[in-house]
*Asks:* 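One structure coming up, written as structure tokens, with questions to follow.
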Amino acid sequence: MKKIVIISLTLVFIGIYSCDEEELALDNPNAIPTSNFYQTGEQAESAVNAIYAALQTNGMYKREYFYVHDLLSDEYQIGGGLEAQRIQVLDHTFDSSNPLIKDLWNGLYRVVQRSNLVLENVPNVPAEGLSQELKERFLGEARFLRAFALFDLVSLWGEIPLQIKVPDPSGSQGEPLSPEQAVYDVIFNDLEIAINNLPINYDNSNLGRVTKGAAQALVAKVHMFRGDVVLARPFLEEVINSGVYSLVANYGDNFTIEGENNSESVFEVQFSGENDPKKQWDAVGTGLTETTFRGQEYSPIGWRNVKPSDSLVADFEENDPRFKASFYENGDLFNNAQDTIGGQNTPATRKYTTAYFRDSEQEVSSINFRVIRYADVLLMMAEVENELSGPAAALPFINQVRARVEMPAYPTTAFPFSNQQEAFEAIVHERRVELNQEQVRNRDIRRWRRQGKLAIEPIKVFQPRNNFLPLPISEINNNQSLDLDDQKPGY
């Protein structure tokens with residue numbers, strides 16, 4: 001990883017009921033058995049780093065994580081040669097055999113499983129090999145990353161198999177579906193421990209590791225998804241009052257290599273182009289293939305398989321600088337201002353693409369994903385204050401975000417901000433344009449829909465069954481504790 005050094009030791013990741021069988025070979029003669037592995041601090045750190053590496057896999061931020069969230073939202077439409085399985089997600093016609101949904105499911109459970117291995121084994125590392133302080137930090141990192149994956153799973157699928165222990169290698173029957181509340185109980189417990197164990201920040205050699213602020217922000221996100229603004233507020237206050245985070249002067253710096261791990265970054269997934277390009281399709285996350293396909297998939301000088309939706313483009317106010325920072329148009333300069341966009345179907349995606357310094361998009365991109373930004377925290381706080389204290393209390397937070405890009409403060413003609421509903425509509429607008437194309441909109445729509453806050457359904461092809469994604473048929477076939485009766489309604 002770019003800042004987190006991964007020690008190349010192979011672990012036996014025993015039994016994971018949410019990955020394809022061909023990925024689960026247990027007889028690797030070159031692997032170090034878990035019974036012999038967790039003996040030193042270096043080995044413990046390697047195991048923790050392997051969880052971060054799982055975020056870089058094909059089912060996660062390398063490819064399918066951003067695709068599933070983006071296509072389920074109202075931010076994109078077909079651009080170039082979008083594959084059939086991706087069109088199904090965009091059109092909400094997917095079923096339990098869709099490869100994208102299966103790959104995301106597997107990717108998330110891979111994070112869970114690697115976290116479970118750390119949580120079960122690192123406590124037993126001998127004291128002479130690992131200090132108590134570092135041991136607690138490692139366990140806090142694993143708790144956060146497990147909670148992060150479980151939140152994605154429960155918010156997208158609802159009831160899921162709650163796998164919080166490493167399966168017995170002698171034979172496990174898998175886990176049945178657990179109620180959503182049981183999953184949330186684990187998430188909140190994990191994040192409480194993470195908050196207590198994680199530092200506020202790190203030195204440069206450990207940039208990219210999760211922090212106390214990241215755990216606090218994630219707790220707030222979970223409460224917001226559940227409609228618990230009262231419970232979300234103190235965690236947002238902690239992040240805001242910590243003095244650790246601030247908005248960077250240039251909005252566009254949040255989506256470039258040069259602007260990585262800046263003061264606005266609360267949590268980001270690290271990537272590095274310093275690897276073997278021939279191994280870039282690696283699916284399981286070894287820490288050796290730290291590239292993402294985001295630029296190649298979306299860029300106007302790449303495959304341009306998707307392009308921004310008409311509704312997203314239309315939602316920007318006139319002269320909002322975030323438009324130019326988010327999209328390319330014909331006549332815009334790229335490749336260090338040496339070339340001009342032309343002959344393209346624009347607007348096209350600019351965020352997270354490498355065209356700003358290259359003449360052609362490549363499969364090897366190392367731009368980090370900013371998963372939680374401080375701007376998101378401020379806008380969540382605006383939403384909380386609007387609901388609990390009214391529009392006047394929300395204004396400072398939303399106007400702070402607008403001031404960064406020199407947009408006029410609210411209220412405006414378009415957004416009068418005179419009552420809670422008008423303030424909410426302004427916050428919805430601000431979240432859409434500020435956080436566009438950052439895998440935030442899908443979950444925002446889902447939570448507002450569930451809370452009855454959407455005046456108009458933004459997903460025109462939405463069907464009631466789409467409230468939850470289908471359990472992958474491979475999961476039902478491989479997990480002996482599930483059968484077809486456990487499938488989500490409508491699938």
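Numbers here are sequence positions counted from 1. Because the structure is predicted, anything quoted here is derived from the model rather than measured.
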*Asks:* Could you check whether any side-chain heavy atom of I193 comes within less than 4.5 Å of a side-chain heavy atom of E136, counting everything from C-beta outward?
*Replies:* no
*Asks:* How about S365 and T354: does a side-chain donor come under 3.5 Å of a side-chain acceptor?
*Replies:*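 T354 and S365 do not have a side-chain donor-acceptor pair below 3.5 Å.
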*Asks:* Give a yes or no on whether the backbone of Y61 and the side-chain of T292 come within a donor-acceptor separation of less than 3.5 Å.
*Replies:*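 Judged by distance alone, yes, a pair lies under 3.5 Å.
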*Asks:* Is any side-chain heavy atom of L379 closer than 4.5 Å to one of F397?
*Replies:* no
*Asks:* Mind checking whether N98 and L469 have side chains closer than 4.5 Å, heavy atoms only?
*Replies:*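 Result no, sub-4.5 Å side-chain heavy-atom pair not found.
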*Asks:* Check G213 against V239 and note the closest heavy-atom contact, atom names and distance.
*Replies:*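 Minimum heavy-atom separation between G213 and V239: O-CG2, 3.7 Å.
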*Asks:* Answer yes or no: is there an ion pair linking E180 with R226, defined by an N-O contact shorter than 4.0 Å?
*Replies:*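 Here E180 does not pair with R226 in a salt bridge, since their nearest N and O are not under 4.0 Å apart.
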*Asks:* Can a cation-pi geometry be assigned to R137 and Y202, taking NZ or CZ under 6.0 Å from the six-membered ring centre and within 45° of the ring axis?
*Replies:*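 No, a cation-pi geometry is absent between R137 and Y202.
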*Asks:* Quick check for you: to the nearest 0.5 Å, what is the distance between F188 atom CZ and L218 atom CG?
*Replies:*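 Rounded to the nearest 0.5 Å, the CZ-CG separation comes to 9.0 Å.
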*Asks:* Distance alone, cut at 3.5 Å: any donor-acceptor contact between the side chains of Y52 and E141?
*Replies:* yes
*Asks:* Start with the C-alpha gap between L108 and W157, add the side-chain angles, then the distance that decides, and say whether side chain to side chain contact (heavy atoms under 4.5 Å, CB included) holds.
*Replies:* CA-CA 12 Å; L108 290 165; W157 278 274; 4.0 Å; yes
*Asks:* Check each of L191, V111, D190 against R146 using the side-chain contact (heavy atoms from CB on, under 4.5 Å) test, and report the only one that passes.
*Replies:*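 When L191, V111, D190 are each tested with R146, the side-chain contact (heavy atoms from CB on, under 4.5 Å) holds only for D190.
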*Asks:* Is there a side-chain contact between S131 and E133 in this structure, where contact means two heavy atoms from C-beta onward sitting under 4.5 Å apart?
*Replies:*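 Contact flag for S131/E133 side chains = yes.
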*Asks:* So that I can tick it off, tell me whether R86 and E64 are bridged by a salt bridge, with the cut-off set at under 4.0 angstrom between side-chain N and carboxylate O.
*Replies:*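 Judged by the 4.0 Å cut-off on N to carboxylate O distance, E64 and R86 do form a salt bridge.
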*Asks:* Just how far is it from atom CG of D185 to atom OG of S178, taken to the nearest 0.5 Å?
*Replies:* 10.5 Å
*Asks:* Do L145 and L55 have side-chain heavy atoms sitting under 4.5 Å apart?
*Replies:* yes
*Asks:* State, without any angle test, whether S311 and R432 hold a side-chain donor-acceptor pair at a distance under 3.5 Å.
*Replies:*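 Short answer, yes.
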*Asks:* Starting at OG1 of T412, measure out to CD of E317 and round the result to the nearest 0.5 Å.
*Replies:* 6.0 Å
*Asks:* Would you give the length of the straight line joining atom CG of N197 to atom CG of L139, rounded to the nearest 0.5 angstrom?
*Replies:* 7.0 Å
*Asks:* Could you tell me if the side chain of E383 sits less than 4.5 Å from the side chain of V229, heavy atoms only?
*Replies:* no
*Asks:* Excluding sequence neighbours, so at least two apart, what forms ring-ring contact (aromatic ring centres under 6.0 Å, His included) with Y298?
*Replies:* F66, Y67, Y76
*Asks:* With no hydrogens and no angle check, is any side-chain donor or acceptor of D228 less than 3.5 Å from a backbone partner on L231?
*Replies:*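 Checking the backbone N and O of L231 against the side chain of D228, no donor-acceptor pair under 3.5 Å is found.
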*Asks:* Does one side chain, of S389 or R233, offer a donor that lies under 3.5 Å from an acceptor on the other?
*Replies:*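 Checked: S389/R233 side chains pair up, N/O donor to acceptor below 3.5 Å.
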*Asks:* If only atom types and distance count, is the side chain of Y352 paired as donor or acceptor with the main-chain N or O of R370 below 3.5 Å?
*Replies:* yes
*Asks:* Between E475 and N479, is there a side-chain donor-acceptor contact under 3.5 Å, judged purely by atom types and distance?
*Replies:*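 A pair is found: one side chain offers a donor N or O, the other an acceptor, under 3.5 Å apart.
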*Asks:* Just checking, any donor-acceptor pair under 3.5 angstrom between side chains of N106 and D103?
*Replies:* no
*Asks:* Kindly indicate, with the supporting measurements, whether the criterion side chain to side chain contact (heavy atoms under 4.5 Å, CB included) is fulfilled by M60 and L104.
*Replies:* CA-CA 6 Å; M60 294 295 290; L104 176 58; 4.2 Å; yes
*Asks:* Mind running side chain to side chain donor-acceptor pair (under 3.5 Å) on N121 and N124 for me, showing each step along the way?
*Replies:* CA-CA 6 Å; N121 291 285; N124 300 321; 5.2 Å; no
*Asks:* With a 6.0 Å cut-off on the ring centroids, do F267 and F144 count as close?
*Replies:* yes
*Asks:* If only atom types and distance count, is the side chain of N399 paired as donor or acceptor with the main-chain N or O of R402 below 3.5 Å?
*Replies:* no
*Asks:* Inspect the surroundings of CD in E258 and state if more than 12 heavy atoms from other residues, nucleotides or ligands are less than 6.0 Å away.
*Replies:* yes
*Asks:* Is there a side-chain contact between Q439 and D70 in this structure, where contact means two heavy atoms from C-beta onward sitting under 4.5 Å apart?
*Replies:* yes
*Asks:* I'd like to know if the side chain of Q420 reaches the main chain of E387, judged simply by a donor and an acceptor atom lying under 3.5 Å from each other, with no hydrogens or angles considered.
*Replies:*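 Yes: the side chain of Q420 pairs with the backbone of E387.
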*Asks:* Charged N to carboxylate O below 4.0 Å: is that the case for E120 and K165?
*Replies:*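 No.
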*Asks:* Rounded at 0.5 Å granularity, tell me how far CZ in F415 sits from NE2 in H429.
*Replies:*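 So the gap between those two atoms works out to 4.5 Å.
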*Asks:* Could you check whether any side-chain N or O of K62 sits under 3.5 Å from a backbone N or O of T291, counting only pairs where one atom can act as donor and the other as acceptor?
*Replies:* yes
*Asks:* Which residues pass the side chain to side chain contact (heavy atoms under 4.5 Å, CB included) test with V428, sequence neighbours left out?
*Replies:* F424, R441, W448
*Asks:* Not counting sequence neighbours, which residues clear ring-ring contact (aromatic ring centres under 6.0 Å, His included) with F151? List them please.
*Replies:*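 Testing F151 for ring-ring contact (aromatic ring centres under 6.0 Å, His included), a comparison that skips the adjacent residues, returns F225.
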*Asks:* Can a salt bridge be assigned to the pair E45 and R209 using a cut-off of 4.0 Å between side-chain N and carboxylate O?
*Replies:* yes
*Asks:* Taking V306's backbone N and O only, do any of them form a donor-acceptor pair with E297's side chain (distance below 3.5 Å, no angle check)?
*Replies:* no
*Asks:* Counting only N and O atoms by type, is there a donor-acceptor contact under 3.5 Å from the side chain of K351 to the main-chain atoms of N436?
*Replies:*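 Yes, the answer is positive, given that a donor and an acceptor are paired below the 3.5 Å cut-off.
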*Asks:* Kindly give the heavy-atom pair with the smallest separation between R143 and A194, and that separation in Å.
*Replies:*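 The pair with the smallest heavy-atom distance is CB-CB, 4.3 Å.
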*Asks:* Counting N and O atoms only, with roles assigned by atom type, does the side chain of T40 sit under 3.5 Å from a partner on the main chain of G129, one being a donor and the other an acceptor?
*Replies:* no
*Asks:* Where do V266 and Q216 land on the side chain to side chain contact (heavy atoms under 4.5 Å, CB included) test, with the steps shown first?
*Replies:* CA-CA 10 Å; V266 180; Q216 291 166 330; over 6 Å; no
*Asks:* Quick one: CD on E434 to CG on D320, what's the gap to the nearest 0.5 Å?
*Replies:*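 Those atoms lie 8.5 Å apart.
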*Asks:* Taking the side chain from H223 and the backbone from V230, do they hold a donor-acceptor pair closer than 3.5 Å?
*Replies:* no
*Asks:* Would you say Q437 and F255 make side-chain contact, with heavy atoms under 4.5 Å?
*Replies:* no
*Asks:* According to the interplanar angle, ranging from 0 to 90°, do the rings of F323 and F327 count as parallel (below 30°), tilted (30 to 60°) or perpendicular (above 60°)?
*Replies:*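 If you compare the ring of F323 with that of F327, the planes turn out perpendicular.
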*Asks:* With a cut-off of 6.0 Å (strictly less than), are more than 12 heavy atoms of other residues, nucleotides or ligands near CD of Q181?
*Replies:*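 Yes, because the 6.0 Å sphere around CD of Q181 holds more than 12 heavy atoms from other groups.
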*Asks:* Judged by modelled atom types alone, do Q270 and N368 share a side-chain donor-acceptor pair under 3.5 Å?
*Replies:* yes
*Asks:* Will you find, in the side chains of N196 and E192, an N or O donor that is under 3.5 Å from an N or O acceptor?
*Replies:* no
*Asks:* Could you give me the CA-CA distance, side-chain angles and deciding distance for R449 and R446, then say whether side chain to side chain contact (heavy atoms under 4.5 Å, CB included) is met?
*Replies:* CA-CA 5 Å; R449 181 190 292 127; R446 287 174 176 271; 4.0 Å; yes
